[in-house]
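Model, not experiment: these values are computed from the prediction. The sequence lines fix the lettering, A, B, ..., with proteins before strands; numbering per chain opens at 1. Heavy atoms only: backbone and side chains are in, while hydrogens, waters and symmetry mates are out.
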Number of protein chains: 2
Amino acid sequence: MVVDELAQADVDRIFHALADATRRDIVRRTLSVESSVSELARAYDMSFAAVQKHVAVLEGAGLVTKHSRGRERMVRGNAAQIARARALLTQLEDLWRARFSRLDEVLADPPPPPRP
Amino acid sequence: MVVDELAQADVDRIFHALADATRRDIVRRTLSVESSVSELARAYDMSFAAVQKHVAVLEGAGLVTKHSRGRERMVRGNAAQIARARALLTQLEDLWRARFSRLDEVLADPPPPPRP
DNA sequence: GTAACGTGCAACCACATGGTTGTAGATGAA
DNA sequence: TTCATCTACAACCATGTGGTTGCACGTTAC
């Protein structure tokens, strides 16, 4: 039984969020050390607002969470969501492996025909 | 030593390709059973050209390969590329785990100060 | 040879995306 | 209080994306 089913739209959001080098780097950073939005903004060669948007995309995908610390908003990477994405890829790979077991069935000696 | 380094742009392409439900389904199908572009096109409620574009995006990301069979172009899912994407996610998760080992260091008894 | 099929590509369109600047509200520091 | 900082959000713009239709070309079937 799968506890946490992800709707297709959720999966879309996760992979889309990961399809940008800046966003992947933000995830990387905040998985190691949580940081404020402005700390992140200082790390990249773009405006504060641009970084803020990237964080919002990541948050929408569940890849990071935010919580207040004083006037700052701390960003923290969410490893669990990454694990879900990884599980989806593993499922795909399993489909590929299943291909060979089906091939084995074909190559194996066919079962005797049913008695009439 | 890592043999196959993926450039950021490659990673962008892989995750972007996976960020669409139709494309993920095409990968799913062709990992199990290779199919022609027109077979795929019949499976979805959109034009042939649209499906063809999706296949092109997947091919550009290395997630599927194509080869000719008569007048058809057979599409086959590429599990190796999916494995690379999965490895990237695993690396991210490992960063998260490393966070705790660093925390352990802090919490552990500090080493004795160096002799003067 | 002719017709039908499978594919690729170009042009087009509506809309999303990734960036910018500017404004405004909270919060902390002096 | 006053000022600087951190954040959020809106408006705007160039470009990319996902879909369409139409056409050209190679291959198979009749």
- side chain to side chain contact (heavy atoms under 4.5 Å, CB included) evaluation trace for A:Arg28 with B:Leu92: CA-CA 6 Å; A:Arg28 206 171 288 127; B:Leu92 286 179; 4.0 Å; yes
- Separation of atom NE2 in A:His67 from atom C1' in D:dT7, rounded to whole Å: 15 Å
- What is the distance from CE of A:Met46 to P of C:dT17, rounded to the nearest Å? 17 Å
- Message: Do B:Ile82 and A:Thr90 make a side-chain contact, defined as non-hydrogen atoms from C-beta onward lying under 4.5 Å apart?
- Response: no
- Query: Which value, rounded to the nearest 0.5 Å, describes the distance between A:Lys53 atom NZ and A:Leu58 atom CG?
  - Reply: 14.0 Å
- Query: Is a donor-acceptor pair below 3.5 Å formed from side chain B:Gln52 to base C:dG8, judging by atom type as modelled?
  - Reply: yes
- Query: According to a strict under-4.0 Å criterion, is A:Arg73 in side-chain N/O contact with OP1 or OP2 of D:dA8?
  - Reply: yes
- Item | Selection: residues 19-26 of chain A, any non-hydrogen atom under 4.0 Å of DNA chain D | none
- Task: Let me know the distance between CZ of A:Arg13 and P of C:dT17, rounded to the nearest Å.
- Result: 11 Å
- Item | Inter-residue atom distance B:Ser35.OG - B:Arg42.CZ, 0.5 Å rounding | 10.0 Å
- Please determine if a side-chain N or O atom of A:Lys66 lies less than 4.0 Å away from the OP1 or OP2 oxygen of D:dA8. yes
- Query: How would you list, by chain and number, every residue that makes a side-chain hydrogen bond (donor to acceptor under 3.5 Å, both in side chains) with A:Glu93, sequence neighbours excluded?
  - Reply: B:Arg86
- Task: Kindly confirm or rule out a cation-pi arrangement of B:Arg29 over B:Tyr44, judged by NZ or CZ under 6.0 Å from the six-membered ring centre and within 45° of its axis?
- Result: yes
- Item | Residues forming a side-chain contact (heavy atoms from CB on, under 4.5 Å) with B:Ser36, sequence neighbours excluded | B:Ser38, B:Glu39, B:Glu72, B:Met74
- Heavy-atom contacts under 4.0 Å between residues 38-45 of chain A and DNA chain D, which residues? A:Ser38, A:Arg42
N/O-N/O pairs, protein side and nucleotides 21-30 of chain D side, under 3.5 Å:
residue, atom, partner, partner atom, Å
D:dT27, O2, B:Arg71, NH1, 3.3

Distance-only donor-acceptor pairs under 3.5 Å for side chains of residues 17-24 of chain B, two or more places apart:
residue, atom, partner, partner atom, Å
B:Asp20, OD1, B:Thr22, N, 2.9
B:Asp20, OD1, B:Arg23, N, 3.1
B:Arg23, NE, B:Ala17, O, 2.9
B:Arg23, NH1, B:His54, ND1, 3.2
B:Arg23, NH2, B:His16, O, 3.2
B:Arg24, NH1, A:Asp12, OD1, 2.9
B:Arg24, NH1, B:Leu18, O, 2.7
B:Arg24, NH2, A:Gln8, O, 3.4
B:Arg24, NH2, A:Gln8, OE1, 2.9
B:Arg24, NH2, A:Asp12, OD1, 2.8

- Full working for side chain to side chain contact (heavy atoms under 4.5 Å, CB included) between A:Trp96 and B:Asn78: CA-CA 9 Å; A:Trp96 179 70; B:Asn78 180 10; over 6 Å; no
- What's the NE2-C1' distance between A:His54 and C:dA16, to the nearest Å? 14 Å
- Query: Under a 4.5 Å side-chain heavy-atom rule over Ile, Leu, Val, Met, Phe, Trp and Tyr, are A:Val11 and A:Val64 clustered together?
  - Reply: yes
- Query: Ignoring hydrogens and geometry, is there a side-chain-to-backbone donor-acceptor pair from B:Gln81 to B:Ala61 under 3.5 Å?
  - Reply: yes
- Nearest whole angstrom, please: distance from the P of C:dG18 to the NZ of A:Lys53. 9 Å
- Query: Does a side-chain N or O from A:His16 land closer than 4.0 Å to OP1 or OP2 of C:dG18, or not?
  - Reply: yes
